[in-house]
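First comes the structure, then the notes that go with it.
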Amino acid sequence: MELELEKLQLPSDQERPFVIAGPCSAETEEQVMTTARQLSQKGCHNFRAGVWKPRTKPGGFEGHGEPALKWLKQVKEETGMLITTEVATPEHVELCLKYGVDILWIGARTSANPFAMQALADSLKGVSVPVFVKNPVNPDLELWIGALERINQAGIKQLGAIHRGFSSYDKKIYRNLPMWQIPIELRRRIPELPIICDPSHIGGRRELIAPLCQQAMDLGFDGLIVESHCDPDRAWSDAKQQVTPDVLDYILSLLIIRDEKMTTEGITQLRHQIDELDNELMNLLAKRMRVCREIGQYKKEHNMTVLQPTRYNEILDKRGAQGSLCGMDGDFVKHVFEAVHEESVRQQMEIINK
């Protein structure tokens, strides 16, 4: 289905992308107000703070709830910034509306649960408030779109998405893997939907925030939501991924914002070359699959199993190393040949089972 959307009417500077900033958690009135004042002085228009904090395990700081909403209201009254926080239940929505919260966002754990999303959608019927929906914890684009559709069906037309990366057991550089191809596909499927990036949760470390912000701008994201704390080393939650307002201001000042409206005439010939090379790739893949089908016929005639693990590992290792020598990421090349091998196996299975 198509989403019925209205343009988000949220304040931002012309020189900078749309930015929501503030601490991971609203810890104390002093911490909230100090951070808000510092951000406001740096030109920030949209303040965020977690009021309810769902933790992975019980026993940690889980937010102050309603008392913290009073602090956010004070931020709005004193600085003029719009205020935003995460909601996970209908009760959260009711309280946020009571205290004049301007923007709501729905977290990754909640967006992964259609029952929770429907409960939130029902509580938002008849309400006019911008809502951002974070991607689910697992890399499931359809689940993300489904969450957005539920909120939109409730009548929320000022809708946006937040890309915060995807959980993975095999953590390397990032806290949550960016998997940029998923928000890129979301943009292709729903081009009018604003998408902002959450570099704090993708990176998990403050030194990664700047490069992730630039990557988001390079990919045409509409804005950022960044965790900023007046004293991040002493933060009660997610201390390692928060930056001071001064550091955030410096990061934003260095961003290069790409112009999406610039003419593409200068790269037209290069794109033609890409099209020609893609055609060659398709022809080569088709030839490779024809050979694979011949191998499948041979295996059938000689009662051999389709999967030959030794040969498969040889291909992945050899092509991964070859990719590195050719200036490509070895893991990328392995992923490509894993997909090629999967299709080869599928076609051979068809032949063997005829």
Side-chain angles (χ1 to χ4, degrees), residues 20 22-27 48-66 68-69 72 84-96 101 103-124 129-154 156 159-171 174-180 182-183 186 193 195-205 212 224-227 235-242:
I20 299 173
C24 173
S25 304
E27 301 163 2
R48 58 143 291 158
V51 172
W52 298 276
K53 298 301 298 179
R55 313 309 297 170
T56 302
K57 294 182 179 179
F61 174 62
E62 296 187 335
H64 291 295
E66 186 173 359
L69 290 172
L72 293 188
T84 178
T85 196
E86 177 180 350
V87 293
T89 69
E91 291 76 19
H92 293 171
V93 172
E94 183 180 353
L95 284 169
C96 284
V101 175
I103 309 165
L104 306 178
W105 87 77
I106 298 169
R109 291 179 174 90
T110 308
S111 65
N113 185 335
F115 292 105
M117 287 304 305
Q118 190 58 54
L120 285 173
D122 293 341
S123 71
L124 287 164
V129 60
V131 177
F132 284 92
V133 180
K134 286 194 173 186
N135 60 263
V137 290
N138 50 313
D140 188 335
L141 178 58
E142 299 306 324
L143 193 59
W144 195 1
I145 292 176
L148 290 160
E149 287 178 345
R150 289 179 189 276
I151 300 300
N152 191 233
Q153 287 178 354
I156 300 297
L159 192 62
I162 300 175
H163 174 50
R164 50 79 77 189
F166 301 92
S167 296
S168 171
Y169 178 77
D170 183 22
K171 298 184 188 298
Y174 302 106
R175 175 180 177 180
N176 294 301
L177 298 178
M179 301 184 72
W180 298 107
I182 293 179
L186 178 64
L193 178 73
I195 307 176
I196 66 176
C197 181
D198 180 350
S200 305
H201 281 88
I202 292 176
R205 305 199 309 272
L212 284 167
L224 304 162
I225 179 168
V226 187
E227 291 188 349
W236 296 4
S237 59
D238 289 347
K240 293 180 179 180
Q241 67 190 41
Q242 301 191 66

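Start at 1 with the first residue, then count along the sequence. As the structure is a computational prediction, the values presented were derived from the model and not from experiment.
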Legend entry - Rounded distance [0.5 Å steps], CZ in Arg48 versus OG1 in Thr85: 7.5 Å
Legend entry - Contacts of type ring-ring contact (aromatic ring centres under 6.0 Å, His included), residue His92, not counting sequence neighbours: Trp52
Inset, instruction - Identify, with sequence neighbours excluded, every residue that meets ring-ring contact (aromatic ring centres under 6.0 Å, His included) alongside Trp236. - result: Phe61
Inset, instruction - Working to the nearest 0.5 Å, report the span between CD of Glu27 and NE2 of His64. - result: 7.5 Å
Legend entry - Distance in Å, Ile182 CD1 paired with His163 NE2, rounded so as to fall on 0.5 Å steps: 8.0 Å
Inset, instruction - Output the distance between atom CG (Leu148) and atom CZ (Phe132), rounded to the nearest 0.5 Å. - result: 11.0 Å
Legend entry - Test side-chain contact (heavy atoms from CB on, under 4.5 Å) applied to Arg164 and Ile196, step by step: CA-CA 9 Å; Arg164 50 79 77 189; Ile196 66 176; over 6 Å; no
Legend entry - Reported CD-to-CD distance for the pair Glu227 and Gln242, which is rounded to 0.5 angstrom: 5.0 Å
Legend entry - Euclidean distance, Ile151 CD1 relative to Leu104 CG, rounded to 0.5 Å: 9.5 Å
Legend entry - Side chain Trp144, main chain Val133, donor-acceptor under 3.5 Å: yes
Legend entry - Glu94, CD atom: more than 12 neighbouring heavy atoms under 6.0 Å: no
Legend entry - Donor-acceptor pair, side chain of Asn138 and main chain of Asp140, under 3.5 angstrom: no
Inset, instruction - Side-chain contact test, heavy atoms from C-beta onward, threshold under 4.5 Å: evaluate it for Leu69 versus Cys96 and give yes or no. - result: yes
Legend entry - Candidate pair Leu224 and Ile20, rule side-chain contact (heavy atoms from CB on, under 4.5 Å), full reasoning: CA-CA 6 Å; Leu224 304 162; Ile20 299 173; over 6 Å; no
Inset, instruction - For the residue pair Leu120 and Ile106, establish whether any side-chain heavy-atom pair is separated by less than 4.5 Å. - result: yes
Inset, instruction - Answer with yes or no whether the side chains of Thr89 and Glu91 bring together a donor and an acceptor at under 3.5 Å. - result: yes
Inset, instruction - Check for a donor-acceptor pair, side chain of Thr84 on one end and backbone N or O of Ile103 on the other, with a separation under 3.5 Å. - result: yes
Legend entry - Between Asp122 and Gln118, a side-chain donor and acceptor under 3.5 Å: yes
Inset, instruction - Please assess Asn176 against Phe166 for the test side-chain contact (heavy atoms from CB on, under 4.5 Å), listing each intermediate value before the final yes or no. - result: CA-CA 5 Å; Asn176 294 301; Phe166 301 92; 5.7 Å; no
Legend entry - Residue pair Ile162 / Asn135, side-chain heavy-atom distance below 4.5 Å: no
Inset, instruction - Answer whether the closest heavy-atom distance between the side chains of Pro199 and Val226 falls below 4.5 Å. - result: yes
Legend entry - Pairwise side chain to side chain donor-acceptor pair (under 3.5 Å) hits with a residue in residues 104-116, at least two apart: Thr56-Arg109
Legend entry - Gln241 side chain to Arg175 side chain, donor-acceptor N/O pair below 3.5 angstrom: yes
